[in-house]
**Q** 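One structure, pasted below without further comment.
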2 protein chains.
Amino acid sequence: MNVDQIYRVVKLSPERPMKNLELILQNIAKHISLTEEEKRLFTGMLEARHLKKKDVILKQGEVCKYSTFIVDGALKGFTVGKDGSEHVINFALKDWWIADMYSLISQQPGMLTIEAIADSEVLLLSKQDQLLLYEKVPKFERFFRILVENSLVASQQRLINNLSLTAEERYRFFMKKYPFILECAPLHSIASYLGITPEFLSKIRRRMAGKLK
Amino acid sequence: MNVDQIYRVVKLSPERPMKNLELILQNIAKHISLTEEEKRLFTGMLEARHLKKKDVILKQGEVCKYSTFIVDGALKGFTVGKDGSEHVINFALKDWWIADMYSLISQQPGMLTIEAIADSEVLLLSKQDQLLLYEKVPKFERFFRILVENSLVASQQRLINNLSLTAEERYRFFMKKYPFILECAPLHSIASYLGITPEFLSKIRRRMAGKLK
DNA sequence: ATGCTTTCTTAACCTAGTTCAAGGCTTTTG
DNA sequence: CAAAAGCCTTGAACTAGGTTAAGAAAGCAT
């Protein structure tokens with residue numbers, strides 16, 4: 001694993017209007033409804049970026065200043081152990097949000113590095129603006145509470161799985177729950193997410209192929 | 001493990017005023033400040049219960065209808081696998097909140113059982129009243145968002161530990177972070193929380209004693 | 001008191017998952 | 001387009017942690 005590459009600086013896209021503000025507005029509409037004026041206020045706060053595969057939007061040790069919404073593409077969040085090994089904490093695809101929640105909430109340096117695993121198009125909302133939104137449009141307090149709630153649910157589910165399932169069972173669960181990730185993330189990242197080595201994941205896959213799925 | 005015992009019915013305490021509403025008000029004051037009237041509204045919603053060791057306040061498969069605040073004592077939340085094995089998801093001590101967040105949020109049947117591991121005194125706030133609070137005192141939306149955020153941070157931290165540390169390292173981390181739990185929870189529950197068997201925890205403890213801590 | 005259950009430990013053996021080393025295939029980069 | 005780097009797999013040797021079984025000590029209920 002090449003540190004220079006992981007820590008490569010983000011390339012900003014040339015400024016230009018986002019074709020796809022619709023997607024993020026729909027995402028929000030799932031939980032709260034906004035007036036046209038509130039929509040304008042909100043979208044005016046967003047910053048658009050184009051990411052190339054392997055671009056990093058947050059490095060371990062930095063304070064997370066943005067919530068990131070994925071308009072298109074795929075990212076992963078991971079920590080790097082002392083031995084240099086990578087541990088994938090979460091993936092995020094089109095129409096998902098990602099951030100180092102710990103760092104974003106506490107504004108302390110975080111452990112997560114967030115990196116694109118495919119060319120991606122994202123929208124950033126700064127913590128500052130998020131707090132401003134809470135004041136000007138209190139409904140957003142509800143929206144972000146729901147986001148955090150969903151993260152928590154996913155995190156707890158995963159903990160339960162890690163404590164109670166074997167590696168193969170976890171892999172099957174993963175395939176069922178996130179088939180789209182399976183298609184776009186490299187297997188070694190999935191192995192890391194499952195808490196096993198790529199070699200062992202290979203073994204599992206062979207075993208399962210033998211069983212004719 | 002005896003299922004009848006785990007599912008023993010909760011014993012309600014005789015109704016009487018809580019000596020210790022102060023503790024919960026202080027707990028809330030850490031994040032939002034309330035007027036006297038708001039305090040009265042809030043405390044009027046609380047339901048006090050005395051739990052004896054092994055009393056269960058929520059069983060697997062039920063919908064979680066309450067957030068529980070611990071005035072004194074200690075509880076644990078756990079799931080039971082198909083094989084009957086118990087997986088401790090979290091502990092909660094004096095001045096902490098506990099609930100099956102998934103179930104409380106979604107109002108779907110949950111996987112968690114919540115049980116007292118010592119005689120305890122708790123205060124219950126129903127989901128209904130919680131929603132009512134959101135309407136009447138919107139500050140509470142913030143308070144519960146912060147609670148959920150803290151849960152999420154703890155859950156993520158634990159996930160990272162489970163993926164990147166050995167059992168011994170996790171145990172050391174636990175000892176440092178939750179020394180009080182070590183004092184009041186049985187070792188087999190701690191083993192379960194760490195994701196190992198009690199036998200293996202024993203082995204670790206002996207090994208560590210050998211190393212003179 | 002006296003059984004009965006729960007808690008913790010020890011020890012011998014067992015297995016799911018790791019490590020190391022190597023090879024083939026594909027993608028990136030100069 | 002060649003070289004290098006990354007990705008996936010295989011197999012053999014190894015280890016962290018699990019299983020089974022048993023016993024000692026402590027708490028509880030009759």
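A, B, ... follow the sequence lines: proteins, then strands. Residue 1 opens every chain. In this text, all values refer to a predicted model and were calculated from it rather than measured experimentally.
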**Q** Is B/Arg205 near enough to C/dC8 that one of its side-chain N or O atoms lies under 4.0 angstrom from OP1 or OP2?
**A**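 For C/dC8, OP1/OP2 do not have a side-chain N/O of B/Arg205 under 4.0 Å.
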**Q** Between atom CD1 in A/Ile196 and atom P in D/dT9, what is the gap in whole Å?
**A**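 The distance from CD1 of A/Ile196 to P of D/dT9 comes to 11 Å, rounded to the nearest Å.
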**Q** Test your reading of the model: is there a side-chain donor-acceptor pair from B/Ser192 to the backbone of B/Val88, 3.5 Å cut-off?
**A**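 At least one qualifying donor-acceptor pair exists.
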**Q** Parallel, tilted or perpendicular: which describes the rings of A/Phe91 and A/Tyr193, with under 30° parallel and over 60° perpendicular?
**A**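 Ring orientation, 0 to 90° scale: tilted.
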**Q** Could you give the CD-to-P distance, from B/Glu168 to D/dG18, as a whole number of Å?
**A**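 After rounding, the gap between these two atoms is 14 Å.
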**Q** What's the closest nucleotide to the A/Phe200 side chain, out of D/dC8, C/dT18, D/dG18?
**A**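 Nearest nucleotide to the side chain: C/dT18.
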**Q** May I have the distance from A/Ile190 (atom CD1) to D/dC8 (atom C1'), rounded to whole angstrom?
**A**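 The distance from CD1 of A/Ile190 to C1' of D/dC8 comes to 12 Å, rounded to the nearest Å.
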**Q** About how many Å separate OG1 of A/Thr68 and CG of A/Leu58, when rounded to the nearest 0.5 Å?
**A**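 Output value for this atom pair is 8.0 Å.
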**Q** Using whole Å, what does the distance between atom P of nucleotide D/dC8 and atom CE of A/Met208 come to?
**A**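 Taking atom P of D/dC8 as the reference, CE of A/Met208 is at 16 Å.
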**Q** Whole angstroms only, please: what is the CG-P distance between A/Asp83 and C/dT18?
**A**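 Rounded to the whole Å, the gap is 13 Å.
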**Q** Does the cation-pi check pass for A/Lys76 over A/Phe78, that is, NZ or CZ under 6.0 Å from the six-membered ring centre and within 45° of its axis?
**A**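 Checked: cation-pi criterion met.
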**Q** Please report, rounded to the nearest Å, how far the P atom of D/dG18 is from the CD atom of B/Glu199.
**A**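 Result: 9 Å.
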**Q** Give a yes/no on whether any side-chain N or O of B/Arg206 is located under 4.0 angstrom from OP1 or OP2 of C/dA11.
**A**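 True: B/Arg206 side-chain N/O within range (under 4.0 Å) of C/dA11 OP1/OP2.
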**Q** Can you say whether a donor on the side chain of A/Lys54 sits under 3.5 Å from an acceptor on the base of D/dG6, or the other way round?
**A**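 Answer is no: no donor-acceptor pair is held.
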**Q** Does OP1 or OP2 of C/dG17 have a side-chain N or O of A/Arg170 closer than 4.0 Å?
**A**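 Answer is yes, contact under 4.0 Å.
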**Q** Hey, does the side-chain of A/Lys203 have a donor or acceptor N/O within less than 3.5 Å of a partner on the base of C/dT18?
**A**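 Looking at the base of C/dT18, it does pair with a donor or acceptor on the side chain of A/Lys203 (distance under 3.5 Å).
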**Q** How long is the line joining NE2 of B/His188 and P of D/dG18, in whole Å?
**A**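 The answer, rounded to whole Å, is 16 Å.
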**Q** Rounded to whole Å, please give me the gap between CG in A/Leu187 and C1' in C/dC25.
**A**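 After rounding, the reported distance stands at 14 Å.
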**Q** Given D/dT10, is OP1 or OP2 found less than 4.0 Å from the side-chain N or O atoms of A/Ser202?
**A**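 For D/dT10, OP1/OP2 do not have a side-chain N/O of A/Ser202 under 4.0 Å.
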**Q** If you take all heavy atoms of A/Pro179 and A/Lys176, which pair is closest and at what distance?
**A**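 It is CD-O, 3.4 Å.
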